[in-house]
Every structure is written in C-alpha cells, then in structure tokens.
Amino acid sequence: MNVLFGGSPETTPLSDTDVQFLDTTLRDGEQAPGVSLTPSEKVDIARKLDTAGVSTIEAGSACTGAGERETISRVTSEGLDARVTSFCRGIRGDIDLALDCDVDGINLVVPASERHIERKVGTSRGGVVETTVELVEYAREHGLWVEVLGEDGSRSDPEFLTELLGAAVDAGADRICYCDTVGYATPEHTGDVVAELAELGPTSTHTHDDLGLAVANAFASIRAGADLVHATINGIGERAGNVALEEVAIALAEGYDNETVDTGGLYDLGRTVADATGIALAPNKAVVGENAFTHESGIHTDGQLKDDAMYEPYPPERVGRERRLALGKHTGRAGVAATLAEHDVEASDADVAEITDRVTDLGDQGKRVTDADVLALAETVQGRERERRVELEDLTAASGNATPTASVRLRVDGDERTASGTGSGPVDAAVAAVREALGPGRDATLDSYHVDAITGGTDALVTVEVEMSRDAQSVSVAASHADITRASVEAMVDALDRLLAN
C-alpha cells in the first residue's frame, strides 16, 4: 500500500477513508480572473458533476447579486442528488439571500487569522466566535446544512482556530473546514492542524496551489482525518487556483483503490469547464491535458504498441479518453507504421524507413507533423498520386453583420456544389457551409481545433490544426494562411477528403 508523509498510527489509511468532494467550480472557480459563467453553463456543469457522483456542489454566492441568485435557483431546481449550497459571509443577510434560492445548505466563511480578524473585518477573536455561533444557530433554525470555514486558517493561531471551529460544532454546524486560503501551508503543517480539527467533528479541507502543494495538502488532510475535499474542475480558481478534483480523484482511485467519483466522466467535465471559462487546458495537465496520453518518442511509441501499460500509469479510458500517437522529430518507425496502418496504407519496411526520415526532417524544421503529412509523404515515397474527392474552390465569409455568414463552393467527386451557412463567428459559419455542401459526408465530427500564430505582426500567418473522425477513422490535418477562416476551412476540407477516401 502506498504511504504518503509517513505512516504513524494516528493517520487514517487512504484506502479506508470514505472521501467525498465539494465542488466549488461554480463559485471559487468562477473567481478566476476573466471568468464569468452563464446560467446555462452553470446548470450544465452542475448536472455533469452530479452525474459523476460529486456529493456537494457550491453553486455560487447568493450575496453577489440578483443574477447570481437566479442562477443558483436554477441549479437547485434541477432536482440533483448532490447537496447544493451557497457561499455566505459572516452576515445574517447572506443567509437570508441563500434561503431565497432554496439551497440545501451554506458554506459560512468567518475570519480565522489575525490579518482577517483585525485588518479586514475590524473585530476581535471573541467577536468572531460570538458572531459565528449566532449565525450557525440561525441557519440551523431555518433547516440549512451548515459548514463553517475558518478563512486563512493555515495562517491562524491553531489554538484559536480550534476554539472557533469547536464553538461552531457546539452551536450545531454539520461540519467544519480547514482553509489554506492563500496556498501558504506545507503538508506537515496541514496534517497537524487538520488532525486537531477532526477531533471536533466532520472536517473538510480547502487547499490552494500557490506553492504547488494543493494536492499534497489535500492528501495530508485526508490522512489526518478530513473526509470532504473542496476542489474545482481543472484546478481553476483565484490566483494559482484550487486543488483539481480530477487529480485527487484519480490519485485516490489508482494509488489507493479508493473510488470517490465516476472517473469516466472526468475528461468530459474538464473539456466542458475549459470551453465555458475560456481557460485552455495546459497540454501537460494531469488527467485532462492533451499530452497526458499522447506519445511521440519512438522508444515510447514502440513500447506502448507492444503493451498498453508500458508508459501509462492507467488506461486513458479510465477518465473517458483515448490514447494518441503524435508525430514529430522523435517519431520512430513503429509510430509511422502504426499511422499508416490506421489509414489502411500498406508500406514496406524500406518505405517506412524513408517516410520516418522525412517525418524527422519536418520535425527538425519546427513543423507540427499531422496524419495528412505522413500520408502525403507516403504518396511521394511510393510514387502514388492521390485523387482528391473533396476540394475547396471558393470561400466567402462576412462577420460585420449581426449574424456571421459564409458561402463555399466545393468540388465533390467532380461535381461542383455551393452552400451557405451562419454561425457564432465566421469560422463557425464557414464550417456550417462546408457541411451543408458536403451532404452525406457531413456526419464527420470535429474532435479538436487548434490555432497557432507562427509569425508576428498584424498580418500574422496562422496555422490551424484539426482532428476529425468518421465512423472508426480519424485524421489530423494542418493548414496555414493569413486568414484564420481560410486556414480553418482548408484544414477541414482536407481532413474530410482523407476520411471520405477511406
């Protein structure tokens, strides 16, 4: 069994702990700079969190405004299995506003450190304890589930934190929470403090990642007796963010055989939150990053093709993903051969060796190598000419009007086809037009869309890389142009041509 931060008998075995999550993506996550979720986006995320088995969803802060209260009310009206809560400051009016939203409970935040007690709120330790007790009793009298969070608890006097949260438990709080509000704590300090709090009653932990220790502190908390982890999808949140739910969940599942949520929905949740917030997933992000199950190195690719677990700690399907073999300067013959086989291209060992050398040359030039590049190199090496089924003849796009529009002229199997489309932007409109013109082949799905500016200035050349699939076949293609709409359509048309050819 894996052991983290020692194995003293006072700590709780991670495999035996009934750990649950309070997801605060809709509240703390939305406090990340530049993030503002629409009511529909919040409801969609809440539904997926509920489906994944998250026990508690903090839907927002009712005190923020009428729009936020309407959104929280929409989430509470969904009839979710998860407990739905609202963040409340240490003010009775915040509790009343939460009650208006018909929430199941509140997350009551009160100051715990001297900074917050004296400089922020302008009160005393005794005043904080007295107010907390009054608010807990008031909320409980109104039938609310209550969790009390000692804000900035990691920088507070541990003895006072115990006194404050102990008073909350005595007043009827359902649980208390250790808060590393500014990501200040170490795992050792966290474990010591949480162990004291866990003696008082059910204890949660709320960790931030400013020192890169959010996951470590969450695990230290669990070992010390915490059984509810506050987290966000993708780790979004203020400053460096909160602990990432998907990272804690998969680490518990794989490292300690402790199943907390349905991990199969984690990637879908990650993509949903990334799209809604506009915060792109870092390629090297654990669990949900693009590179998490992508292999380019020839040695790794060869090993992975021989044994699925050769260079992966757990199968990608565990979190709702698929394995991907990338192409580039490090690609070996096994990777090239696998790509050709995936597209039903037969090649001799000599052909594969030559194609691999040319792929390496492209990579050395700094080029992102796609499936289409490899297929084109195979055609050159083998002296084959490919007869295109789909070609772009003309494209016109306009976005100055209220509704962006686009029209395309395609040549499909020798026939000319024209179509128009509308969308949320010129690229979306152009893609719609292509699908309309293509007809029966438009059932291909766009799996990924990536844009890179490869020159500087206002006339920057951009490269658009798309990955599309149809039935069990997928292909990645890149196209470059000064006009992003043109590059997008060229890449998509080339991908469709490859898919239809197969």
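Atom set for the values below is all heavy atoms of this structure, side chains included, hydrogens, waters and symmetry mates excluded. Small disclaimer: the values here were computed from a predicted structure and weren't measured.
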(message) By the definition side chain to side chain contact (heavy atoms under 4.5 Å, CB included), identify the one residue from L165, L149, V193, N217 that meets it with Y178.
(response) V193

Is the side chain of [X] donor-acceptor paired with the backbone N or O of [Y] at a distance under 3.5 Å, no angle test?
X	Y	value
R83	L22	no
D209	A214	yes
D428	S424	yes
T25	I233	yes
S55	F21	yes
N234	L281	no
E30	L37	yes
D152	A112	no
D104	V84	yes
D94	C63	no

(request) Take S221 and T190, measure what side chain to side chain donor-acceptor pair (under 3.5 Å) needs, and give me the verdict at the end. (result) CA-CA 6 Å; S221 298; T190 296; 5.3 Å; no

Heavy-atom side-chain contact between [X] and [Y] under 4.5 Å:
X	Y	answer
H208	D28	yes
Q31	V35	no
R435	L446	yes

(request) List the steps and the verdict of side-chain contact (heavy atoms from CB on, under 4.5 Å) for V110 and T131. (result) CA-CA 9 Å; V110 295; T131 299; over 6 Å; no

Please name the pair of heavy atoms, one in [X] and one in [Y], separated by the smallest distance, quoted to 0.1 Å.
X	Y	result
A430	T485	CB-CG2, 3.8 Å
C179	G150	CB-O, 3.4 Å
P426	A406	O-CB, 4.4 Å
D50	A82	OD1-N, 2.8 Å
A173	V136	N-CG1, 3.4 Å
G235	E246	N-OE2, 4.2 Å

(message) Quick one, K285 with E247, criterion side-chain contact (heavy atoms from CB on, under 4.5 Å). Give me CA distance, side-chain angles, the key distance, then yes/no.
(response) CA-CA 9 Å; K285 173 77 169 63; E247 293 180 13; 2.8 Å; yes

Would you say [Y] and [X] are linked by a side-chain donor-acceptor pair, where the criterion is simply a distance under 3.5 Å?
X	Y	result
T76	D102	no
S480	T463	yes
Y449	S488	yes
E147	T85	no

(message) Looking at R318 and E259, is there a salt bridge between them, counting it only when a charged N and a carboxylate O are closer than 4.0 Å?
(response) yes

(request) State plainly whether the residues D268 and K48 are in salt-bridge range, i.e. N to O under 4.0 Å. (result) yes

(request) May I have the step-by-step check of side-chain contact (heavy atoms from CB on, under 4.5 Å) for F160 and V129, ending in yes or no? (result) CA-CA 10 Å; F160 172 67; V129 173; 3.8 Å; yes

(request) Could you check E70 against K42 for salt bridge (Lys or Arg N to Asp or Glu O under 4.0 Å), going step by step and ending with a plain yes or no? (result) CA-CA 11 Å; E70 179 184 350; K42 281 198 172 187; over 6 Å; no

(message) Test side-chain contact (heavy atoms from CB on, under 4.5 Å) on N258 and V19; report intermediate values, then the result.
(response) CA-CA 8 Å; N258 191 330; V19 182; 4.2 Å; yes

(request) Evaluate the criterion side chain to side chain donor-acceptor pair (under 3.5 Å) for residue pair T232 and N242; output intermediate values, then yes/no. (result) CA-CA 6 Å; T232 62; N242 296 53; 4.6 Å; no

(message) A quick test of your reading: do over 12 heavy atoms of other residues, nucleotides or ligands sit less than 6.0 Å from CG of D275?
(response) yes

(request) Sequence neighbours left out, what pairs pass salt bridge (charged side-chain N to carboxylate O under 4.0 Å, His left out) with at least one residue falling in residues 106-124? (result) E114-R125, K120-E151

(request) Identify which one of D227, N107, T56 satisfies the side chain to side chain donor-acceptor pair (under 3.5 Å) criterion when paired with R175. (result) D227

(message) Check the orientation of H206 and H230. Use parallel for under 30°, tilted for 30 to 60°, and perpendicular for over 60°.
(response) perpendicular

